[in-house]
Trainee: 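Here it is, the structure, as structure tokens.
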There are 2 protein chains.
Amino acid sequence: MLAVAQKLGYRPNASARTLRTQRSKVLGIVLPTLENPVFAECLQGMAGATAEQGYAIMPMTTQYRLDTEEEAVRQLLSFGVDGVALVVSDAGSSRAITLLRSETVPYVLVYNRHPAHPCVSVAGDAAMHEIVGRLVDLGHRRIAMVCGRLTASDRALQRHLGFCEAMDQAGLTPRPLIEVPFVETATQDIADVLRTPQRPTALVCSNDLLALRTMRAAHECGLSVPQDISITGFDGIGLARDLTPRLSTIAQPNAEMGRAAVTWLLDGVNSRRHPSAADSITLPHRVRWAESCAAAPTHP
Amino acid sequence: MLAVAQKLGYRPNASARTLRTQRSKVLGIVLPTLENPVFAECLQGMAGATAEQGYAIMPMTTQYRLDTEEEAVRQLLSFGVDGVALVVSDAGSSRAITLLRSETVPYVLVYNRHPAHPCVSVAGDAAMHEIVGRLVDLGHRRIAMVCGRLTASDRALQRHLGFCEAMDQAGLTPRPLIEVPFVETATQDIADVLRTPQRPTALVCSNDLLALRTMRAAHECGLSVPQDISITGFDGIGLARDLTPRLSTIAQPNAEMGRAAVTWLLDGVNSRRHPSAADSITLPHRVRWAESCAAAPTHP
DNA sequence: TTGAAAGCGCTAACAC
DNA sequence: GTGTTAGCGCTTTCAA
């Protein structure tokens, strides 16, 4: 009989099953953008892990816009997803999360870190300490940080905080933050700083894409990386390894983070015990030290 | 009454509606991987276009594996998607497509080009002619192509064909193809060629990721780009613009291609007239000429 | 204009 | 075991 069904090409109807069981076997995913490989890699990990368990994913992108975050969650809810994994701009104030909680749909945050929510993340501040420490060991004293708009992301904020702490601990004064519009290709703001007489000898960037652009800016100012200036990134996107010079960065296990998030979520769905803040997961990061950093120039 | 429903937080149940209307408002997407930004950018375009129309997407990745392509389609079918946009390895022999046709689910291929299927793509062969032509104009004679495994993708094959034709037309003999394992970080095969006495003065790569790795290989051989060797890519991933040196490449409108594919698909779903091969769309590409290319060295 | 009823295809419960 | 049935929440049709 089973064989007959097979032969006739019978395929159970998912919506009927969903209607009956109240389980859609779909997870909603909310991400800022797929244009940053860090999120694409993460989504790839999620796709792999869910497929293994017969689940599908439904991704929505927000362009870092708060209203879009909420709208995305609303949409996912209306599609009846069994759970949601999200990367939000600011976990503390996210209306998207509020919505999720009010509907008692299980959710997990990824990359965000917040004591009140279940999160899968890395210790961004500790990572910053490590990378700044290395630069200091190499003789760098004038170190500045390059950031996207801080208000756009609690991750950037946390990384900046870690940077300031680390500088403080090393007895150094952090240079003024170089804030770059997130989406644009402009290198002007960075170049301006690099043309000052007491320019930094090292630039710590809040993500790899920004680091790439910073390397570009250095080049346009006639500076060589790493001879004249050291540059570091954050995220560990795959591409960074193939760059010339190879980018020093904090490598996060992006695909793993995605896997961990959906696995946790699925456990929650199956056991009917929603992921809780107390069980938040911190995955190990790795300082991937590479060619974009060297000892501070002796005659700056 | 509507207001009351609103106030009570009423949210129509998607699976009940789907069951009744036989319309899920979900499109399936099949992609090789999200690790290559070209597909991530495309998916981003798809996400945007579908969201605007109240549709959701369900992506599956195949890692370029044929059996996974078929399995992905099978899964999507069982989830009851209204249509499928796919990037397959080889449109001519894809069992995934056969499956789709047998179920009469509307589908559109993206990046693939094949006379028997509805496709959204760019003219890869013509693009190759243009880029080779430019190199020849700059005095390059010894030009070789770097490719992923040809068998893995009809796109690579087509690009290679275009390369050979263009070389032929210029009265030049194509150098032996440099075939690189697609996923690995190895630069050895490329470096080997670059260390031969009559090394190529230009390397044409079948995609941007490979071009990045090729730049790396050149660097490791002590060659400067573009002074000693010119390098071109294909795809136009966003990152290429921020590289140093900026990568010359064939820029495809990746997000646009995604948008066009799902828009076409949705038109098909709504009008009940499936996208047909005869209406295939060729989007314009652009040769993005940049710093990674220069005149052939006079004393090679 | 408003209301009632049938049925989409499945699963779970219960009867045989 | 094997068969029957109710009902998940919606849309559509037909009746009042």
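In what follows, chains are A, B, ... by sequence order, proteins preceding strands, each numbered from 1.
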Trainee: Whole angstroms only, please: what is the CG-C1' distance between N13(A) and dG7(D)?
Mentor: 16 Å
Trainee: Please state whether the phosphate of dT11(C), meaning OP1 or OP2, lies under 4.0 angstrom from any side-chain nitrogen or oxygen of Q22(A).
Mentor: no
Trainee: Side chain to side chain donor-acceptor pair (under 3.5 Å), that's the test. Do H117(B) and Y107(B) meet it? Break it down for me.
Mentor: CA-CA 9 Å; H117(B) 302 291; Y107(B) 71 93; 2.7 Å; yes
Trainee: Does any donor atom in the side chain of Q158(B) or D125(B) lie under 3.5 Å from an acceptor atom in the other side chain?
Mentor: no
Trainee: So R11(A), base contact, sugar-phosphate only, or nothing? Heavy-atom distance under 4.0 Å.
Mentor: sugar-phosphate
Trainee: If I take atom NZ in residue K25(A) and atom P in nucleotide dT11(C), what distance separates them, rounded to the nearest angstrom?
Mentor: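 Those two atoms, NZ and P, are 11 Å apart.
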Trainee: Please report the distance, rounded to the nearest Å, between CG in L19(B) and C1' in dG7(D).
Mentor: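 Rounded to the whole Å, the gap is 12 Å.
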Trainee: Among dC10(D), dT11(D), dG9(C), which nucleotide has an atom closest to any side-chain atom of Y10(B)?
Mentor: dC10(D)
Trainee: Whole-Å distance between dC10(D) C1' and R17(B) CZ?
Mentor: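 Atom CZ in R17(B) sits about 8 Å away from atom C1' in dC10(D).
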Trainee: Nearest 0.5 Å please: distance from the CZ atom of R113(A) over to the OG1 atom of T282(A).
Mentor: 4.0 Å
Trainee: Quickly work out the R23(B) CZ to dG9(C) P distance and round it to whole Å.
Mentor: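 For the pair R23(B) CZ and dG9(C) P, the rounded distance is 15 Å.
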Trainee: Counting only side-chain heavy atoms from C-beta out, which of dC8(D), dT11(C), dC10(D) sits nearest to T21(A)?
Mentor: dT11(C)
Trainee: Is there a donor-acceptor pair closer than 3.5 Å between any side-chain N or O of N112(A) and the backbone N or O of V88(A)?
Mentor: yes
